[in-house]
Every structure is written in structure tokens, then in C-alpha cells.
Amino acid sequence: MLEGILSANRWHLLFTQMDIFWEGFFFTLAVSVAGLALSMILGTLLGVFSTTRSRALRAISRIYVEFYQNTPLPVQIFFMYMAGPQILQAILGAATPVRIAPFAIGSLGVGLYHAAYVAEVIRTGIESVPRGQLESARSQGFSRAQAYRYIVLPQTFKMILPPLCNQALNLIKNTSVLALIAGGDLMYQADNFVSSSGFLQGYIMACALYFLICFPLAILVQVLESRSKRRPRAKVIPGITTDLDAKEA
Amino acid sequence: MTVFAPENIAFIMGGFVRTVEISALAILCSLILGTLLALVKQFCTGRLCVFRWIVSIYIELFRCTPNLLWILFIYFTVKGTDIFISVLAFTIFTSAVMAEIVRGGLNSIPDNQFEAARSQGFGFAAMLRLIILPQTFRTIIPALFSQCTTVIKDSSYLAGINVAEFMYTTRVIMAQATNLSQVLLLYGFVFALYFILNFGISLFVRAYQRRLVAA
């Protein structure tokens with residue numbers, strides 16, 4: 001298999017079929033964007049639930065997170081793919097199983113799965129800002145909205161941005177699960193190319209295309225991480241603080 | 001209810017055992033390889049700097065591409081038993097993650113530990129073995145075990161290349177199911193077993209972390 005890697009004809013064949021790779025590439029991107037939107041919305045909601053005083057909301061969030069974090073994504077996808085149509089048939093009373101589009105299975109699958117991880121990120125973010133920050137902001141005459149806007153949220157975002165980007169990265173990689181159910185994503189198209197032609201070039205191309213999306217994100221995670229580790233510095237206000245104060249802060 | 005005949009259940013459970021075996025072997029191998037990679041990335045400086053570059057490229061390559069890609073790639077290129085292929089695919093992929101985990105641990109060891117070891121006359125290898133690595137592994141235990149959960153979950157990708165692991169054996173039996181409730185029961189069974197295994201691990205991690213905080 002490996003000996004043909006440098007063969008010019010094989011690469012030529014690959015490049016003549018690049019349109020199916022691009023099709024898969026953009027399908028993967030679309031599924032990722034939809035899944036990301038779902039996981040952010042649902043994850044934020046669940047993350048906020050887990051920090052409220054309501055026992056019921058906390059329980060809902062906990063059960064959701066534990067279920068999705070402790071069961072495999074491929075099993076969840078297989079479940080939606082195989083049992084989903086029959087369940088929908090039973091619910092809707094249709095005559096035949098209701099077909100679910102691969103796009104819907106994919107974005108729902110990765111969206112629900114990563115919502116559990118996003119929820120945990122949001123929860124730790126909220127819990128990490130000490131209560132005293134809000135209280136002292138209020139005591140300084142900030143309104144509640146201002147306190148959140150200027151004091152609490154900037155600190156939360158700085159903390160949670162790197163892990164959130166990491167989740168986005170994992171989500172994109174996990175859309176490859178669609179290949180298992182013939183979902184038409186990049187991994188599926190690459191696998192199709194390799195099994196029909198027998199040329200490994202398909203996997204190499206998929207590898208390059210995934211890398212193209214994910215590497216910039218990985219760099220972003222590193223930049224954000226190093227930025228979040230930097231300690232905050234006070235602004236120099238002439239006549240009130242000196243340069244020395246700013247350095248110490 | 002022929003789907004739930006004892007021999008079918010035994011067949012499914014065989015897959016579960018296979019899943020555990022593959023995961024355990026893959027974790028062990030990738031921990032060893034990952035530790036080596038982390039040491040190279042951390043300590044190869046100066047003239048050996050080229051090794052650090054190679055390892056960095058390795059880590060970034062595997063961190064930025066999906067697991068399934070490497071499972072399929074290995075399946076296509078390497079000949080061997082199912083277990084060998086599975087463990088190999090997971091090891092090359094997971095060792096990149098393990099390397100980053102171990103490196104995180106190495107970075108958390110204070111510099112004075114290195115200096116103290118040197119001042120006591122330890123050589124580089126002895127310092128790593130007796131002083132640095134034991135502390136590193138203790139700090140990374142939580143991250144290590146959550147990676148175990150990830151490997152166990154991801155091993156169900158192997159159903160895609162017909163390795164007789166848990167998801168695969170269940171699907172084989174599921175093909176005999178005659179109605180929806182049997183399918184749902186089988187899925188319930190799969191979800192439950194994966195959940196028990198992974199939740200058990202996460203409970204252990206939480207207990208361990210509480211002990212660390214208390215200590």
C-alpha cells in the first residue's frame with residue numbers, strides 16, 4: 001500500500017477527483033458550524049442551570065452532562081441513525097420509518113455531545129470568579145448589569161475562551177463520526193476514494209484538509225491560553241498611580 | 001425474545017471484554033510512548049533541538065486530525081490481528097495527547113526540584129526516574145484517567161473497521177431484532193455498560209482529586 005505514495009498517476013487521479021473532497025470538506029464545515037451553535041446555546045443554558053439555586057435545574061444539568069460525557073459519540077450516532085427513524089415513525093404515526101438527513105444527525109449528534117463539555121466549561125468559568133468581585137463592584141456603585149459587564153464577565157471570558165476553542169476543535173474532529181453512517185462528510189468521501197481506488201492518497205488529502213481547519217484553531221488555543229495566564233495590569237492614570245503601582249498589580 | 005438468548009448475551013459481552021482489553025493496552029502503550037515524546041520535547045535543546053521539532057510536528061499533526069482517520073489509515077496499511085491494528089492505531093493517536101498531558105505535569109514541577117537533584121549528584125536519568133517522573137505522574141493522574149475515558153469511548157469507532165468490540169457485537173445481534181423495543185433495549189444495554197465503566201473511572205478521579213485537595 002505504502003509504496004505507491006510517490007506515484008505521480010495516483011496523485012493525478014486524486015486531483016481529478018478533488019471536487020468530492022471539497023464537497024465533503026464544506027459539508028464537514030457546515031455540520032461543524034451548526035453543531036457548534038447548538039452546543040454553545042445548549043451548553044451555556046446547562047452551565048447556567050448547574051449554578052442556580054434550583055435543585056431540579058441542577059439535577060437536569062448534572063444528568064445530561066454525565067450521560068453525554070460517559071457514553072461514546074459513535075454509539076449515540078448509531079442510535080440516531082438506526083433507531084431514530086423508527087422512533088419518529090412511532091411518535092408521528094407515519095406509515096414508514098421517517099428518514100433523518102445525515103446533516104441533521106451529524107449536527108445534532110456532535111452538538112448534543114459537546115454541549116455537555118461546554119456546560120462544564122461554563123460552570124467552572126462562572127464558579128471561578130469569586131463572589132466578592134460582584135459584591136465589591138456593587139459596593140462601588142456599579143449597577144448589577146454594569147458589574148457583570150465590566151467586572152465579572154471579562155474575567156469569566158478570559159478563563160473559558162481557551163477551553164471553549166478546544167471544544168470547537170474537538171467538535172470538528174468528531175464530525176468524522178459521520179463516515180460510519182455514510183454521512184457524506186470529508187472522512188466519508190476520503191474513505192470512499194481509498195476503498196474504490198485502493199490509493200492511500202485519499203487519506204493524506206483528508207489529513208491535510210482537516211489539518212487546514214484545525215491547526216489555526218490549535219494555535220488560537222495556545223495564544224489564548226498564554227494570554228489568560230498573564231496577570232492583569234492596572235492602567236497608569238497620571239497623578240493617581242505611578243508606573244511602579246502598575247508593575248506590582 | 002430470541003435476541004436476548006444466553007448465547008447472544010455472551011457474544012455481546014465478549015465484545016465488551018474486547019473493548020476493555022484494547023483500551024487498556026492502548027492506554028498503556030500510549031502512556032509509555034507519550035512520556036518519551038514529552039521528555040524529548042521538554043529536554044532536547046541545543047544541538048538536539050531537531051528532535052524537539054520532529055516531536056512537535058508529530059503532536060500537532062495528531063491533535064489536529066480525527067482519530068477515525070488514523071484508524072482507517074492503519075487498517076489499510078498494516079497487516080495483523082484486529083487487536084494489534086486497533087492498539088497500534090490508538091497508540092499513535094493517543095500518545096500525542098498523552099505527551100501533552102505528561103508535559104503539563106513536567107511543567108508543574110518546580111525548578112528547584114531539578115536543581116536540588118543536580119546538587120545531590122544525581123545524573124540526568126536517575127534524576128528523572130527517582131525524583132521528577134514520580135511527582136509528574138502523581139499530578140497528572142486526573143488528566144490521565146479522563147483520557148482513559150476518552151479512549152474507551154473512542155474505541156467504539158473500531159466498529160467501523162469490523163473489529164469485534166462492544167459496539168460491533170451489539171450491532172450484529174441487533175440485526176436479528178424484529179421490533180423497535182428490542183433495538184431500544186439493546187441500545188439501553190450498550191449505553192448502560194459504557195456509562196458504568198466510564199462513570200466508575202470518573203468517580204475514582206473525583207475521589208482522588210478530593211484527597212489531593214485535602215492533603
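Predicted model, so just to flag it, every value in this text is computed and none were measured. Residue numbers start from 1 in every chain, and the chains themselves are labelled A, B, ... in the order their sequence lines are given, proteins ahead of strands.
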What part of [X] gets within 4.5 angstrom of chain B, counting heavy atoms only: side chain, backbone, both, or neither?
{"X": "A/Gln89", "result": "neither"}
{"X": "A/Asn174", "result": "both"}
{"X": "A/Ile87", "result": "both"}

_I need the contact set between residues 161-181 of chain B and chain A: heavy-atom distance under 4.5 Å, sorted by residue number._
B/Met167, B/Arg171, B/Met174, B/Leu180

*Quick one: which residues of residues 9-21 of chain B reach chain A at under 4.5 angstrom, heavy atoms only?*
none

Please classify the contact between [X] and chain A as side chain, backbone, both or neither, with a heavy-atom cut-off of under 4.5 Å.
{"X": "B/Leu61", "result": "both"}
{"X": "B/Thr65", "result": "both"}
{"X": "B/Ser202", "result": "side chain"}

_Heavy-atom pairs under 4.5 Å with chain B, option from A/Glu66, A/Gln86, A/Met187 with the top count_ = A/Glu66

_As an exercise: rank A/Thr175, A/Ile172, A/Ile77, A/Asp191 by heavy-atom pairs under 4.5 Å with chain B and give me the winner._
A/Asp191

*Leading residue by heavy atom contact count with chain A [cutoff under 4.5 Å; candidates B/Leu197, B/Val183, B/Leu72]*: B/Leu72

*asked:* By the definition ring-ring contact (aromatic ring centres under 6.0 Å, His included), identify the one residue from A/Tyr68, A/Phe67, A/Phe78 that meets it with B/Phe191.
replied: A/Phe67

Flag side-chain contact, heavy atom, 4.5 Å: [X] against [Y]:
{"X": "A/Tyr210", "Y": "B/Pro66", "result": "yes"}
{"X": "A/Cys207", "Y": "B/Leu69", "result": "yes"}
{"X": "B/Leu68", "Y": "A/Val177", "result": "no"}

*Where the side chain of B/Lys153 meets the backbone of A/Val75, is there a donor-acceptor pair that is under 3.5 Å apart?*
no

_Checking the side chain of A/Asn70 only, and the main-chain atoms of B/Phe195 only, is there a donor and an acceptor separated by less than 3.5 Å?_
no

Just wondering, are more than 12 heavy atoms of other shown residues or ligands nearer than 6.0 Å to [atom1] in [X]?
{"X": "B/Arg138", "atom1": "CZ", "result": "no"}
{"X": "B/Arg206", "atom1": "CZ", "result": "yes"}
{"X": "B/Phe84", "atom1": "CZ", "result": "no"}

*Go through the steps for B/Arg63 and A/Phe215 under the test side chain to side chain contact (heavy atoms under 4.5 Å, CB included), then give the verdict.*
CA-CA 8 Å; B/Arg63 249 170 37 124; A/Phe215 189 59; over 6 Å; no

With rounding to the nearest 0.5 angstrom, report the [atom1] to [atom2] distance, [X] to [Y].
{"X": "A/Leu169", "Y": "B/Cys64", "atom1": "CG", "atom2": "SG", "answer": "5.5 Å"}
{"X": "A/Gln76", "Y": "B/Tyr187", "atom1": "CD", "atom2": "OH", "answer": "11.0 Å"}
{"X": "A/Leu73", "Y": "B/Ser156", "atom1": "CG", "atom2": "OG", "answer": "8.0 Å"}

*asked:* Would B/Leu184 and A/Phe79 count as a side chain to side chain contact (heavy atoms under 4.5 Å, CB included) here? Give the steps.
replied: CA-CA 9 Å; B/Leu184 290 184; A/Phe79 178 74; 3.7 Å; yes

*Could you tell me which non-hydrogen atom of A/Lys173 sits nearest to which non-hydrogen atom of B/Phe62, and how far apart they are?*
NZ-O, 4.3 Å

